[in-house]
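Notes follow once the structure below has been shown.
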Amino acid sequence: MNTAELIARKASGAALDPSEIRGVLAGFTAGNVAPEQMSALLMAVRWRGMTVAELSAWTGAMVDSGDRLDLSSVRAPVVDKHSSGGVGDKVSLIVAPLVASFGIAVPKLSGRGLGHSGGTLDKLESIPGWSGTVSAEDFLAQLDAVGAVIAGASASLAPADKKLYALRDVTGTVESIPLIASSIMSKKIAGGAGAVLLDVKVGSGAFMPSVDPARELARAMVDLGTAAGVRTVCLLTSMEAPLGRAVGNALEVAEAVEVLQGGGPPDLIALCVAVADEMLALGGSERSSAAALQEGSAYALWERMIGAQGGDPSAPLPQAPHVREVRAGASGVLTSLDARAVGNASWRLGAGRAAPGDDVAASAGVLLRAQVGEQILAGDVLLELHAEDADRLDAGEHALESAWSIGDTAPPPTPLILEKLS
């Protein structure tokens, strides 16, 4: 195989054959295609895109680069879930035990946060004793016995994706829609579930700031899943403002527990119900999750899920030793609160990482004391900044400059669910 010739053809706009795609990805995974060559091919894909046949072959080759989870021993219907990530997005923490409480198994392979967007594993690791490292045998046993697992993906699951992502991160090709779609769906297909619910965030706090590219990504992922025999539904959901009132690892776990016990902010509750109901439908259930969430009946399954992975759900969560209040300078209605700015503030306070492998502070983050549409008075606390290191407070506050606006009338409500694709 002449890799240089493939790169030149792709850069000219020609489509590659499925066999060529499989060959180059297998060669890269095995170390026989140089990173410089793969970087050039990724850039060609970034600018030229992929045909449907190319994207299908690329995704299939990534799946075939490693193992596939065999979930056939699980007695319940199995439905997976994935979010593209956002600010304050702790939905997975809630819907995994919620959906499992209806008898549908949820195998959630999650990752870590980078930059302004938090990671599910980082959040759960703020619970004393909890571990996201689960063997394949224990994963299957917990999924069958408890009904829900949230864990890190095995290194043997779509290893081509891990190598490709490392290159995409340093070559400016992260935002390529075909590469995003194949990255996500290769792991979902290899994960073995018969159905998956995708949540693509749209707005200032998301990787997709507008609806059109988000819809393109969603359609590509739905088509890839369907072609692979995985029933796939995608929701486009708003991420203009942070979701809920908590942004940061332990802060978000505390809010997730509040929702599971029957409380919590209305926007977070509404999105959790919408996502859970779609997952229930994919699992063959016609029931709604709203009453169960209101009654707090899924909290017992949360305790079992956390305990099965070594965590103590009754242990106090870490609390930041340094808290700074940010107050409103005028009275009126909070008309906007930029999700990206809040996410960046949380990151600078220590809740996120600038590079893979960086440590995160479990207790750091931002608490929203007001949400968009609420009436406030001059001097009211708008935000609380939480940090383990007092020296980070100034950077966190600086990230919030011009992050909100106060007006005379409430803005029209933004729907949480923008579109559904299936």
Side-chain angles (χ1 to χ4, degrees), residues 86-91 115-118 123 201-206 209 237-256 258-259 263-271 317-352 361 363-416:
V87 180
D89 180 12
K90 70 283 293 179
V91 171
H116 77 280
S117 181
K123 297 169 190 178
K201 303 295 186 187
V202 183
S204 70
T237 66
S238 176
M239 186 41 68
E240 290 294 345
L243 184 60
R245 293 180 178 267
V247 180
N249 300 309
L251 296 174
E252 292 191 43
V253 171
E255 187 167 69
E258 182 184 5
V259 173
D267 62 329
L268 178 58
I269 294 169
L271 184 56
L317 292 166
Q319 293 189 342
H322 305 285
V323 178
R324 178 181 294 179
E325 296 177 339
V326 178
R327 297 179 179 270
S331 299
V333 177
L334 186 63
T335 54
S336 68
L337 181 59
D338 184 65
R340 178 63 65 101
V342 174
N344 283 335
S346 179
W347 166 34
R348 294 186 182 281
L349 289 164
S363 65
V366 181
L367 277 181
L368 282 57
R369 294 305 185 191
Q371 287 183 294
V372 173
E374 294 182 358
Q375 192 78 34
I376 53 177
L377 299 175
D380 282 354
V381 177
L382 285 180
L383 304 161
E384 282 184 10
L385 311 185
H386 291 232
E388 292 183 3
D389 180 354
D391 292 340
R392 288 182 172 269
L393 290 170
D394 287 342
E397 187 168 4
H398 180 72
L400 291 165
E401 290 181 2
S402 305
W404 66 85
S405 59
I406 297 173
D408 296 328
T409 57
T414 300
L416 281 171

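Keep in mind the model is a prediction, meaning the values are calculated, not measured.
At least one donor-acceptor pair under 3.5 Å links the side chain of D89 to the backbone N or O of V91. For the pair K90 (side chain) and L268 (backbone), a donor-acceptor distance under 3.5 Å is absent. Counting only distance, with no hydrogens or angles, the side chain of D267 and the backbone of G244 share a donor-acceptor pair below 3.5 Å. Side-chain N or O atoms of E252 include none that pairs as donor or acceptor with a backbone N or O of N249 at under 3.5 Å. Looking only at distances, a side-chain donor or acceptor of R327 sits under 3.5 Å from a matching main-chain atom of G379. The backbone N or O of A378 sits less than 3.5 Å from a side-chain atom of S331, completing a donor-acceptor pair.
Taking the charged nitrogens against the carboxylate oxygens, R369 and E384 do have a contact shorter than 4.0 Å, which makes a salt bridge.
Here the side chains of T237 and L416 are not in contact, with every heavy-atom distance at 4.5 Å or above. Counting heavy atoms from C-beta on, the side chains of V87 and M239 come closer than 4.5 Å. Using a 4.5 Å heavy-atom threshold, the side chains of V202 and S238 count as separate. Using a 4.5 Å heavy-atom threshold, the side chains of L383 and E325 count as separate. When side chains are defined from C-beta on, T409 does not count as touching V333, because their heavy atoms never get closer than 4.5 Å. For the pair W404/V326, a side-chain contact is recorded, criterion being any heavy-atom separation below 4.5 Å from C-beta on.
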Show the numbers, then the answer: is there a side chain to side chain contact (heavy atoms under 4.5 Å, CB included) between L385 and E397? CA-CA 8 Å; L385 311 185; E397 187 168 4; 3.8 Å; yes
List the steps and the verdict of side chain to side chain contact (heavy atoms under 4.5 Å, CB included) for L317 and V253. CA-CA 8 Å; L317 292 166; V253 171; 3.9 Å; yes
Worked verdict on E388 versus H322 for side chain to side chain contact (heavy atoms under 4.5 Å, CB included): CA-CA 6 Å; E388 292 183 3; H322 305 285; 5.9 Å; no
Taking it one step at a time, do H386 and L367 satisfy side chain to side chain contact (heavy atoms under 4.5 Å, CB included)? CA-CA 8 Å; H386 291 232; L367 277 181; 3.7 Å; yes
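S405 and T335 share a side-chain donor-acceptor pair at under 3.5 Å.
Under the side-chain hydrogen bond (donor to acceptor under 3.5 Å, both in side chains) criterion, Q319 pairs with no residue at all, not counting sequence neighbours.
With values rounded to the nearest 0.5 angstrom, L251 atom CG is found 7.5 Å from S363 atom OG.
Counting all heavy atoms, side chain and backbone alike, V372 lies closest to P411 at CG1-CG, 3.8 Å.
For residues 337-349, no residue pair satisfies the salt bridge (Lys or Arg N to Asp or Glu O under 4.0 Å) rule, not counting sequence neighbours.
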